[in-house]
2 protein chains.
Amino acid sequence: MELIELNAPYLLFVGDAPDLLMAKTAKGVAHWRPERCLAQLRYPESPVDLGLPDMDVASAAAAGAKTLVLGLAPFGASLPQRWIDTCVEALAHGMDVASGLHIRLASIPAIVDAAARYGRRILDVRNPPATLPCGTGLPRSGKRLLTVGTDCCVGKMFTALAIQAEMAARKLPTSFRPTGQTGILIEGYGVSVDAVVADFISGAVELLAPANAPEHWDIIEGQGSLFHPAYAGVSLGLLHGAQADVLVVCHEAGRSQMDGMEGYPIQPMEQVIATNLAMARLTNPKVRLGGIALNTSRLSEADALAAIDELAQRLGVVVVDPVRTGVAPLVDAILAGETA
Amino acid sequence: MELIELNAPYLLFVGDAPDLLMAKTAKGVAHWRPERCLAQLRYPESPVDLGLPDMDVASAAAAGAKTLVLGLAPFGASLPQRWIDTCVEALAHGMDVASGLHIRLASIPAIVDAAARYGRRILDVRNPPATLPCGTGLPRSGKRLLTVGTDCCVGKMFTALAIQAEMAARKLPTSFRPTGQTGILIEGYGVSVDAVVADFISGAVELLAPANAPEHWDIIEGQGSLFHPAYAGVSLGLLHGAQADVLVVCHEAGRSQMDGMEGYPIQPMEQVIATNLAMARLTNPKVRLGGIALNTSRLSEADALAAIDELAQRLGVVVVDPVRTGVAPLVDAILAGETA
């Protein structure tokens with residue numbers, strides 16, 4: 001039972017991306033794990049700059065790049081021939097190729113053939129491991145924090161990465177445990193939990209965040225929401241497998257409807273907190289709320305600070321926006337709760 | 001997006017089963033859907049009798065059998081050569097072969113070759129459909145009942161089948177919607193929800209129990225338990241996808257620990273009811289409790305009736321044992337609740 005692992009350093013593929021939004025996964029890798037990134041590969045017409053040296057495949061390989069990382073989605077249903085050629089070239093130069101795309105590299109014969117010919121790996125990070133255990137629910141050592149949400153796409157990955165970075169900056173032993181394709185490309189490790197067979201959701205998370213030293217913090221990326229009519233099963237399996245000591249609830253300020261789900265309003269924060277804690281207690285009776293991460297990107301600075309303050313007053317917990325305020329007060333509260 | 005469908009009538013494979021327990025799936029098919037069963041195929045040494053005519057492959061095929069159904073597990077990790085020979089013979093005689101075994105027929109070259117040669121189908125009912133939709137959570141017409149449980153293996157399939165049979169006997173329009181391999185072999189239709197990719201659990205159930213006539217009852221087989229540390233994700237996705245109007249909670253009297261899960265006691269019935277209703281309300285705010293199905297097979301008649309009575313008094317709801325008392329009082333209460 002092996003999880004995906006990418007070898008660093010990376011050559012980050014930017015290709016013909018027209019803007020940073022299209023290249024946001026590559027940008028995330030460069031932002032969060034610069035030490036894993038050697039260079040970027042742009043086609044001449046792309047204006048996107050990740051702040052890394054530009055290299056072609058040959059020079060990146062010569063400089064020691066181990067993996068070409070594809071983190072951006074192409075327009076259309078198939079991979080452009082030019083992208084395929086770049087992947088084949090990387091394999092020919094001794095690199096692995098990793099991808100977070102829906103279109104699997106393993107479905108493209110030219111790439112499969114090249115990987116076989118040059119003895120390199122194709123890493124489709126959305127694919128789960130071939131064999132996974134069922135969950136056991138048995139207690140395990142180490143501390144674990146899970147980000148949960150009021151909906152999809154509210155900042156659960158970003159919040160987890162920010163908390164892990166803050167803990168690392170404080171010299172605490174800590175690991176980020178990614179559960180989706182972007183997080184896996186960033187950390188070079190993980191499991192795409194929404195892609196595992198339903199019976200193995202919690203078992204996959206037990207494998208991803210195994211027993212650790214008592215003072216070690218695993219910061220686990222959440223997925224979906226217990227209140228999402230399509231994905232709540234994933235969220236509950238993740239919650240049970242994580243056996244989290246601390247939950248951080250993530251929400252986007254101003255979002256009142258679940259994204260793309262007709263007739264599903266965002267539930268009140270009080271209920272989201274209470275339900276997550278109640279369900280999490282099954283596998284960790286001591287679970288507690290660490291605080292709230294409020295994504296205020298749609299608000300003005302004044303409105304954002306007011307929204308954070310209002311929520312903190314109402315709930316009596318620490319509320320941060322990981323981008324706007326940073327997560328230091330949240331980590332303070334989490335660590336204070338350890339000794340409370 | 002096609003669900004598995006088996007053609008009837010069946011030749012039920014008993015093989016060398018030493019007792020009815022080993023052949024319990026075949027027995028279930030013969031018990032619940034005798035109209036789909038033409039004959040049984042026993043090797044000479046088997047003492048098991050399903051109450052069906054004995055036929056070999058050739059005579060069953062001549063009599064119109066459409067599918068050889070394998071519902072019992074072999075000892076050991078692979079299929080005995082003799083079983084393989086019988087499958088190949090059935091394919092050669094123009095039958096499909098359906099199996100609920102962990103070992104996939106599609107992994108056995110001789111069977112795959114024979115299916116291709118004779119143009120027949122191999123139906124591994126544990127395999128989910130190749131493509132499934134995500135859940136929408138949108139309201140749909142028709143009435144739906146879901147059996148939920150305090151644990152695995154407490155009688156959720158049996159209870160669903162019994163309720164569906166009782167409703168059918170009352171000339172109500174009703175369908176059984178199976179979510180596990182035994183139920184699929186019985187009904188000849190369904191989806192193994194614990195085998196679908198996690199993102200599609202609720203979508204699979206929406207497909208399995210689609211919009212129907214307003215007075216039609218879908219009786220959906222539940223899986224696992226919201227309180228099972230390994231499988232609760234499956235149970236929650238099923239609960240949300242079912243959009244059930246009525247829940248029936250299943251429990252085995254006398255079971256105090258979850259089967260095979262160290263440190264996980266069975267939760268109090270009050271909590272199991274409250275949590276299932278609370279979580280089900282997300283996709284159907286009108287969901288209500290129909291009653292309790294108590295499996296009292298480990299108790300004496302006197303103790304069983306006392307246990308049923310005690311639980312009914314304590315909770316103020318209808319409690320039945322589908323085997324010992326039948327489900328008529330439960331169906332009465334469910335139908336009375338429709339007009340309440």
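Just so you know, these numbers come straight off a predicted model, no measurement behind them. Letters A, B, ... are given to chains in the order of the sequence lines, protein chains preceding strands, and every chain is numbered from 1.
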Using a 4.5 angstrom heavy-atom cutoff, name the option from B:Pro139, B:Ala195, B:Pro128 with the most pairs to chain A.
B:Ala195
I want to check something: taking the side chain as every heavy atom from C-beta on, are B:Thr275 and A:Leu282 in contact at a cut-off of under 4.5 Å?
no
Would you indicate whether B:Glu262, at its atom CD, is surrounded by more than 12 heavy atoms from other residues, nucleotides or ligands within a distance under 6.0 Å?
no
Note: B:Gly137 and A:Tyr264 closest approach over all heavy atoms is O-OH, 2.6 Å
Report, in residue-number order, which members of residues 219-228 of chain B are under 4.5 Å from chain A by heavy-atom distance.
B:Leu226, B:Phe227, B:His228
Which answer fits A:Gln267, side chain, backbone, both or neither, if we ask what part of it has an atom under 4.5 Å from a heavy atom of chain B?
side chain
Under a 4.5 Å heavy-atom cut-off, does chain B meet the side chain of A:Thr283, its backbone, both or neither?
both
Please rank A:Glu206, A:Gln243, A:Met279 by heavy-atom pairs under 4.5 Å with chain B and give me the top one.
A:Met279
Heavy-atom nearest pair, B:Ser202 first then A:Pro229, reads OG-O, 3.0 Å
Contact winner vs chain B - A:Leu238, A:Thr136, A:Val197, A:Val234, heavy-atom pairs under 4.5 Å
A:Val197
In short, A:Gly135 meets B:Met261 closest at the heavy-atom pair O-CE, 3.7 Å
When rounded to the nearest 0.5 angstrom, what distance separates CG in B:Leu236 from CG in A:Leu239?
10.5 Å
